[in-house]
Asker: 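What follows is a structure written as structure tokens; I'll ask about it next.
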Amino acid sequence: MPLSLPPPLLLLRALDHGAPLALKRRLVEPLLNRTFAEPLVEGEFDALDGRRITLRVEELDAVLTLGLEAGRLVLCREAGEATIRGGWREFLCLANRHEDPDALFFQRRLLIEGDTELGLTVKNLLDGREEGLAQGRLGKWLERLVRHDRGAQSSRTSPETPGGEDRLS
């Protein structure tokens, strides 16, 4: 029986900067390395070798700093030389290609700080996957996150929800 993915918000909270790095590594590294297996083998991430980039999801206060070691993406304790930051919906749009990735940056919905060249290199690597990142188990998990968000948005506007409260299940 295949392992089921944790509920989206539980996983996102685990990515919080206060979570132990060992837990983040156990949850995130296998997913990243499966998702990017082909580009990793082809050396497309070699620009990250010995470098670090931070992804910061602002409203969740989730921070991941990634590097490349022995051809695998790894989470790092040290700060990134560049940071890509924005809201989780913007990162989701980048992952599933529902919006033009360049537009997300030009509209300043996603921002690159620090070493801009490194940030743009990573952005182009993420953008370069024609099918987007939303494939396989990661894709299923991202779809659950979108459904949850749509449900939360409709419950906030629904007359049945007093005060428009967002109820998480």
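Residue numbers count from 1 along this sequence.
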Asker: Could you tell me whether the side chain of R25 and the main chain of L75 form a donor-acceptor pair under 3.5 Å?
Answerer: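 Indeed, once roles are kept as given, a pair shorter than 3.5 Å links the two residues.
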Asker: Is the shortest side-chain N to carboxylate O distance from E29 to K24 below 4.0 Å?
Answerer: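 The answer is no: the pair does not qualify as a salt bridge.
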Asker: Is there a chain of hydrophobic side chains (I, L, V, M, F, W, Y, each step under 4.5 Å between heavy atoms) that links L48 to L125?
Answerer: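 Yes, it is one cluster - the side chains of L48 and L125 are joined through contacts under 4.5 Å.
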Asker: Just verifying a value: how many Å separate E90 CD and W88 CH2, rounded to the nearest 0.5 Å?
Answerer: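 E90 atom CD to W88 atom CH2 measures 9.5 Å (nearest 0.5 Å).
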Asker: Is it true that a side-chain atom of R52 and a backbone atom of A79 form a donor plus acceptor pair closer than 3.5 Å?
Answerer: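 Indeed, once roles are kept as given, a pair shorter than 3.5 Å links the two residues.
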Asker: Kindly check if the number of other-residue, nucleotide or ligand heavy atoms within 6.0 Å of CZ (R109) is above 12?
Answerer: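 Counting neighbours around CZ of R109, more than 12 heavy atoms of other residues, nucleotides or ligands fall under 6.0 Å, so yes.
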Asker: Does any part of the side chain of F91, heavy atoms only, come nearer than 4.5 Å to the side chain of I84, both counted from C-beta?
Answerer: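 A side-chain contact under 4.5 Å exists here.
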Asker: State plainly whether one hydrophobic cluster holds both L120 and L111, where clusters connect Ile, Leu, Val, Met, Phe, Trp and Tyr through side-chain heavy atoms under 4.5 angstrom apart.
Answerer: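 Result: no, two separate clusters.
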Asker: Is it true that a side-chain atom of T54 and a backbone atom of G80 form a donor plus acceptor pair closer than 3.5 Å?
Answerer: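 Between the backbone of G80 and the side chain of T54 there is a qualifying donor-acceptor contact (under 3.5 Å).
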Asker: Indicate the atoms forming the closest heavy-atom contact of A82 with G119, along with that distance.
Answerer: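 Here A82 and G119 meet closest at CB-N, 3.9 Å.
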Asker: I need the minimum non-hydrogen distance between F105 and L110, along with the two atoms involved.
Answerer: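 The answer is CD2-O, 3.3 Å.
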Asker: Flag yes if V28 and L73 sit in one hydrophobic cluster, no otherwise; membership is Ile, Leu, Val, Met, Phe, Trp, Tyr, and two members link when side-chain heavy atoms are under 4.5 Å apart.
Answerer: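 V28 clusters together with L73.
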Asker: Enter the distance from T83:OG1 to I53:CD1 here, rounded to the nearest 0.5 Å.
Answerer: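 These two atoms lie 7.0 Å from each other.
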Asker: If two hydrophobic side chains count as joined below 4.5 Å and joins carry through other members, does V57 share a cluster with L27?
Answerer: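 V57 and L27: one cluster.
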Asker: May I have all residue pairs that pass side chain to side chain donor-acceptor pair (under 3.5 Å) and include part of residues 110-121, sequence neighbours excluded?
Answerer: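 Sorted pair list: R51-D115, R85-E113.
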Asker: Just how far is it from atom OG1 of T65 to atom CD of E81, taken to the nearest 0.5 Å?
Answerer: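 Reported value, rounded in 0.5 Å steps: 10.5 Å.
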Asker: Cluster question for you: counting only ILVMFWY and a side-chain heavy-atom cut-off of under 4.5 Å, with indirect links fine, are L55 and L32 together?
Answerer: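 Looking at the clustering, L32 is in the same group as L55.
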Asker: Using every non-hydrogen atom in the two residues, find where G71 and L40 come nearest and quote the distance to one decimal.
Answerer: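 Taking every non-hydrogen atom into account, O-CD2, 3.7 Å.
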Asker: Nearest 0.5 Å, what's the NZ-CG distance between K123 and L118?
Answerer: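 K123 NZ to L118 CG: 13.5 Å, rounded to 0.5 Å.
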Asker: State, to 0.1 Å, how close G67 and C76 come at their nearest heavy-atom pair, and which atoms those are.
Answerer: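 Looking at all heavy atoms of both residues, the shortest contact is N-SG, 3.6 Å.
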Asker: Please find the pair of heavy atoms, one from C93 and one from L104, that lie closest to each other, and give the distance.
Answerer: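 Heavy atoms of C93 and L104 come nearest at CB-CD1, 4.0 Å.
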